[in-house]
> 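Have a look at the structure that comes next, please.
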Protein chains: 2
Amino acid sequence: MKEATLKEIAEKLGISITTVSKALKDYPDVSLKTKDAVISLAKKLNYSPNSFAVNLRTKESKTIGLIIPEIVHHFFSNVINGIVAEAEKNGYLVIILQSNESLELEKKQVALLINKRVDGIIISLSNESNDDSHLKEIIARKIPFVQFDKIAKLIHSSKVVINDQLAARNAVQHLIDNGYRKIAHIRGPLNPQNAIDRFIGYKKALEINNIPFDASLVYTCEKVTFQEGIDFAKQIMADHPDVEGIFAITDLVAVGVLSYFNDIGIKIPEQVAVIGFSNWFMSRVLTPKLSTVDQPSHEMGVTSFKLLLEEMNCHKKEIPFTPRTIELETKVIARESTFKKK
Amino acid sequence: MKEATLKEIAEKLGISITTVSKALKDYPDVSLKTKDAVISLAKKLNYSPNSFAVNLRTKESKTIGLIIPEIVHHFFSNVINGIVAEAEKNGYLVIILQSNESLELEKKQVALLINKRVDGIIISLSNESNDDSHLKEIIARKIPFVQFDKIAKLIHSSKVVINDQLAARNAVQHLIDNGYRKIAHIRGPLNPQNAIDRFIGYKKALEINNIPFDASLVYTCEKVTFQEGIDFAKQIMADHPDVEGIFAITDLVAVGVLSYFNDIGIKIPEQVAVIGFSNWFMSRVLTPKLSTVDQPSHEMGVTSFKLLLEEMNCHKKEIPFTPRTIELETKVIARESTFKKK
DNA sequence: CTGAAAGCGCTTACAG
DNA sequence: CTGAAAGCGCTTACAG
């Protein structure tokens, strides 16, 4: 089956391509009779406009690009879900790429999307990202651009984030409020802003409660994996047998801790309390149920797309757009792993 | 910054557009001197070919479409990962759409991708899908097409699947081998082929072991959720207090069962053994650790893309392509939730 | 109400 | 080795 074109319809009907095009787009200056004829023939031929030609003419593809560190990740798959859903509602499609936490790959993906001429780009940075040049390129090309979660602070784009400092402070405060004072922190890598902010939040909570900060209680993930949770749990118990609580950068790591403690028979929270971050689905079905910080991942996706859409609309109409930063709410979810100390 | 074009480069260099195009594509019939001049100016102007124009000329977009029931799903996010990774390796981008388990939405998404003129389509059907017309449309338009996991048997396309009957039979056999004989099955909805096949596998295992089939031990999920796992666990214990094992259609449901049993103090596997399906990450960190069937989700994605690529290449060269079905291996993962009965 | 024409930016068969 | 020309399929400003 060859694809029908405007030309074909025009020839069959003995009218011009212009009129066919107008009829299909319901322009007011086409007679009803012509419109009917065109529309019914188009339906019969199963006509659908060639999007390649439309893209070229209109200079937009109704497609956006999304770059995230990893798809298989409860947080990110929820964000994707929010973005895809909101995009669809507005007639946009989403191309998804992963950076695999590699700066080099992230740069390549950005270049790909620029070449593809997507209408806009949404990104959450890789853990390695400590260089802005590829992001500056997006800005320089005036491509609508939103960063979420793991952002480059200094790049002037719209951003959707949570208050990581405050959220982490609240998590640690929750441990303290429940009677745990000697608290270790398994932090994220050194680059990402959110790992830095959560670490600062941890320190602030200690400070507010007059607990001296002890650098030897801080452990730094390289890859932020389940296995690192296991390894650091072991390490922490070796270094600080009297530790009372652990605050992990994210649930996956906390689950590693919990899994190790369960396996070797360390009671949670009786011997050590554990709190994670992100409220992965998993955390509520573990034994013990894991306390964590709820992060509105789906909403983060929806909001990111909405901001991008605003900017894309301005871009199309050549109206200036001022990037905005939106901060979403988090809250501590108290579960068994941090029950009050007796 | 306005985007550079071939025309611009040609004018600046005082040569023709044709020559510029050829130089950039490294045609052999362009002088080295010209090539150098073109390439260096292109670099200077930050030239990247307008993909909209290229698409229109070459009639391909190096983009494929993927439709799945749900993104936030350990199995599907792993498949996505496999597809995106393999696509990238071959210079293809992936547009992802969800059907949200709705046939109507699935049809809409197929129409979207056809309009978009993607080079190929990969799909896993929604639970509601009991109508083929949209899939036939893909075939009729000769768009390269691969189905995976939840497939329409009668549609003549390439397919990537597991042997659901055998895998389910093995799961139930594992329960029986470990001493559990009164086994309930929480099955999937009535439409999906894989739910049907797993149910058949369950029955076959019983038959082989001379255990009479009892329809009242079969419970049918509508949505295949965590909550249904909880609800059916409760129901099963009410209907059959002497049940010895439960085989759930997928880990998410099995986790619901496990969560309910943990909460009300039913011991697994001492009182009831539980086995799931899919080997979600979660299953290995629960208490007790959940036995399940490993399904090679990432590989399923990679294989699906490879098959699609083969078909796209034939399509481009107008060579006929014969759809193939590839069956991937599964294996039972024995963990605590099905330890040998004492 | 209808249509001729230009143009989006590229690729490629063909001529010289 | 270089380039004029056609054409991919559409949209739209303009003329009548």
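In what follows, chains carry the letters A, B, and so on, assigned in the order in which the sequence lines appear, proteins first and then strands, with residues in each chain numbered from 1. As the structure is a computational prediction, the values presented were derived from the model and not from experiment.
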> Taking DNA chain C as the partner, which of residues 19-32 of chain B come within under 4.0 angstrom of it by heavy atom?
B:Ser21, B:Lys22, B:Lys25, B:Tyr27
> Under 4.0 Å between a side-chain nitrogen and a carboxylate oxygen: does that hold for B:Glu137 and B:Lys107?
no
> For B:Glu88 and A:Gln109, test the side chains for any donor-to-acceptor distance below 3.5 angstrom and give the result as yes or no.
yes
> Just checking, is any N or O donor in the side chain of B:Lys116 or A:Thr63 under 3.5 Å from an acceptor N or O on the other one?
yes
> Looking only at side chains, do B:Ser157 and B:Gln147 share a donor and an acceptor under 3.5 Å apart?
yes
> Nearest whole Å is fine: how far is D:dA4 C1' from B:Ile17 CD1?
10 Å
> Between D:dG3 atom P and B:Leu13 atom CG, what is the distance in whole Å?
10 Å
> Among D:dG9, C:dT11, D:dT11, which nucleotide has an atom closest to any side-chain atom of A:Leu56?
D:dG9
> Would you say B:Thr34 reaches D:dT2's phosphate, i.e. side-chain N/O to OP1/OP2 under 4.0 Å?
yes
> Measure from the side chain of B:Thr58, starting at C-beta and using heavy atoms only, and say which of C:dT11, C:dG9, D:dC8 lies closest.
C:dT11
> When the distance from CD1 of A:Ile9 to P of C:dG3 is rounded to whole Å, what number comes out?
14 Å
> Expressed as a whole number of angstroms, how long is the span from B:Asn55:CG to C:dT11:P?
11 Å
> Using OP1 and OP2 only, check whether a side-chain N or O of A:Ser16 sits under 4.0 Å from C:dG3.
yes
> Do A:Ile139 and A:Ile155 come close enough that some side-chain heavy atom pair is under 4.5 Å?
yes
> For a 4.5 angstrom cut-off between non-hydrogen side-chain atoms, does A:Lys159 reach A:Ile326?
no
> Looking at C:dC1, I'd like to know if its phosphate oxygens (OP1 or OP2) sit under 4.0 Å from a side-chain N or O belonging to A:Lys33.
no
> How are the rings of A:Phe75 and A:Phe148 set to each other: parallel, tilted or perpendicular (split at 30° and 60°)?
tilted
> Dot-bracket for DNA chain C, 5' to 3', counting Watson-Crick or G-U wobble pairs under 3.5 Å, with [ ] for crossing pairs and | for inter-strand pairs?
|||.||||||||.|||
> Side chains of B:Ser99 and B:Ser102: donor-acceptor distance under 3.5 Å anywhere?
no
> Where the side chain of A:Arg57 is concerned, which of D:dC10, D:dC8, C:dT11 is the nearest nucleotide?
D:dC10
> Which sits closer to the 5' end of DNA chain C, B:Ala53 or B:Thr18, going by the nucleotide each is nearest to?
B:Ala53
> Is A:Tyr47 close enough to D:dG9 that one of its side-chain N or O atoms is under 4.0 Å from OP1 or OP2 there?
no
> To the nearest angstrom, how far is A:Lys7 atom NZ from D:dT11 atom C1'?
17 Å
> How close or far is atom C1' of C:dT11 from atom CG of B:Asn50, stated in whole angstroms?
13 Å
> Find the distance A:Glu60:CD to C:dC8:C1' and express it as a whole number of Å.
14 Å
> Heavy atoms under 4.0 Å, any strand shown: does B:Thr5 hit a base, just sugar-phosphate, or nothing?
sugar-phosphate
> Tell me, do A:Asp149 and A:Asn194 make a side-chain contact under 4.5 Å, heavy atoms counted?
yes
> By the definition salt bridge (charged side-chain N to carboxylate O under 4.0 Å, His left out), identify the one residue from A:Glu60, A:Glu311, A:Glu310 that meets it with A:Lys316.
A:Glu60
> B:Glu8 has an atom CD; how far is it from atom C1' of C:dC10, in whole Å?
15 Å
